[in-house]
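Data first, discussion second: the structure below is written as structure tokens.
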Amino acid sequence: MLDLKNLYRPKSPEEAVRTLLETEGTGLYVAGGTIVVPTGSPSLDYLVDLTDAGLDYVRVEDTPDGGALVIGAMTRIADLATSPELASPTLRAIIEAAADMGTHTTRNRATVGGNVFAVHFPSDLPPAFLALGASIRLQGTDGPRDVSLEDFYARRSEVYRRGDLIVEIRVSVGHEGLASAFEKTGRTRVDVAIVSCAAAVAVSGGTIEMARVVLNGISPVPYVAADAGAYLAGKSPTEDVFREAGRLVSENVSPRGDHRASADYRRKVAGVMTARALSRAAGAV
Ligand SMILES: Cc1cc2nc3c(=O)[nH]c(=O)nc-3n(C[C@H](O)[C@H](O)[C@H](O)COP(=O)(O)OP(=O)(O)OC[C@H]3O[C@@H](n4cnc5c(N)ncnc54)[C@H](O)[C@@H]3O)c2cc1C
């Protein structure tokens, strides 16, 4: 249970970073609080509440490679799920992941930044963002910098410095013919995932030009199924090919069992989720 001495509400990302690093004692950022409030330790002295830091926005920006969807870290999951900027086959995995997350009450509080930051259970948005090659903008003491989301998970101790604030998530939207889909299985519809999977597929002239498959729930951080992506490139987008990609995923992963599901169940479901996500993504191209 929390036993705070102070709660700060900085007015900008820069002030948030300064407040977190320069305040005496032990502190944390708090966004929607759906993780921090129920699990926060009594040894926490203060929270830096990001509500007024100006990070609640979804917009499309012009970029040299055809545009980027930019999602502020304080965007609520419920707002993301209904955001008109995401109404395209390319970004469908993000909409589906957001719409499937927890209950209405959770989605109304929970934020995109909190979902991306948290890794102690399988968050829903990271597979969708990773399948679409997203990057995140971090604010540190020496200014903002962009980091690939894949590096953020795979090499967190190297790319993430103490006090860094996630400012926004950036997804390139310039790849024509790219479509995506998200699949999730859990104990109940509102529980966190046992296994989730996002796939992004680009088909050109009847063959798969590029495919990315990312799963959560089968390893400590989201798993990028590079073998499945390599297998799919240049193949026809058929159900048999998607099932074979799923089989490769099942064969290559080594999940752990827990109170939600056994390792064996996770391995099998990972293959099924992969084939389904690929099929639905390819069907939307
Ligand atoms: C009943 C219930 C059901 C849930 N179901 C699901 C589910 O189905 N799927 C799912 O993915 N999650 C689920 N969750 C988990 C949680 O709601 C989400 O992960 C949520 O998006 C976390 O966001 P938040 O804003 O509430 O994070 P917070 O609790 O505010 O913060 C979480 C962590 O992220 C850090 N943080 C937050 N924002 C930033 C930032 N901008 N920069 C740096 N660090 C930051 C905080 O310091 C903290 O360590 C559920 C939670 C509950 C309570």
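For clarity, every value in this text was computed on a predicted model and none was experimentally measured. All ligand and atom numbering here is 1-based and tracks the order in the structure. Because only heavy atoms are used, hydrogens play no part in the values below, and waters and symmetry mates are left out as well, while side chains stay in.
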- Is a salt bridge present between Glu15 and Arg18, judged by a nitrogen-to-oxygen distance below 4.0 Å? no
- Item | Mode of Ala118 contact toward ligand 1 - side chain, backbone, both, neither (heavy atoms, under 4.0 Å) | neither
- Task: May I ask whether Leu138 has any heavy atom positioned less than 4.0 angstrom from an atom of ligand 1?
- Result: no
- Taking heavy atoms and a distance under 4.0 Å, where does Lys184 meet ligand 1: side chain, backbone, both or neither? side chain
- Over 12 foreign heavy atoms within 6.0 Å of CZ, Arg156: yes
- Message: In this structure, does ligand 1 have an atom that sits under 4.0 Å from one of the heavy atoms of Met74?
- Response: no
- Is there a chain of hydrophobic side chains (I, L, V, M, F, W, Y, each step under 4.5 Å between heavy atoms) that links Leu130 to Val119? yes
- Is Ala31 in polar range of ligand 1, meaning some N or O pair under 3.5 Å apart? yes
- Item | Met101: numbered ligand 1 atoms lying under 4.0 Å from its heavy atoms | 7 (C), 8 (O), 9 (N), 10 (C), 11 (O), 12 (N), 13 (C), 17 (O), 18 (C)
- Task: May I ask you to decide if Thr26's main-chain N or O and Asp45's side chain share a donor-acceptor pair within less than 3.5 Å?
- Result: yes
- Query: Is it the side chain, the backbone, both or neither of Tyr29 that has a heavy atom closer than 4.0 Å to ligand 1?
  - Reply: both
- Is it true that the NZ or CZ of Lys184 lies under 6.0 Å from the centre of Phe182's six-membered ring and within 45 degrees of the ring axis? no
- Task: Report yes if Asp164 has an N/O atom closer than 3.5 Å to an N/O atom of ligand 1; otherwise report no.
- Result: no
- Task: Could you tell me whether Thr106 approaches ligand 1 through its side chain, its backbone, both or neither, with non-hydrogen atoms closer than 4.0 Å?
- Result: side chain
- Within the distance-only criterion (no hydrogens, no angle test), does the side chain of Arg266 pair as donor or acceptor with the backbone N or O of Gly217 below 3.5 angstrom? yes
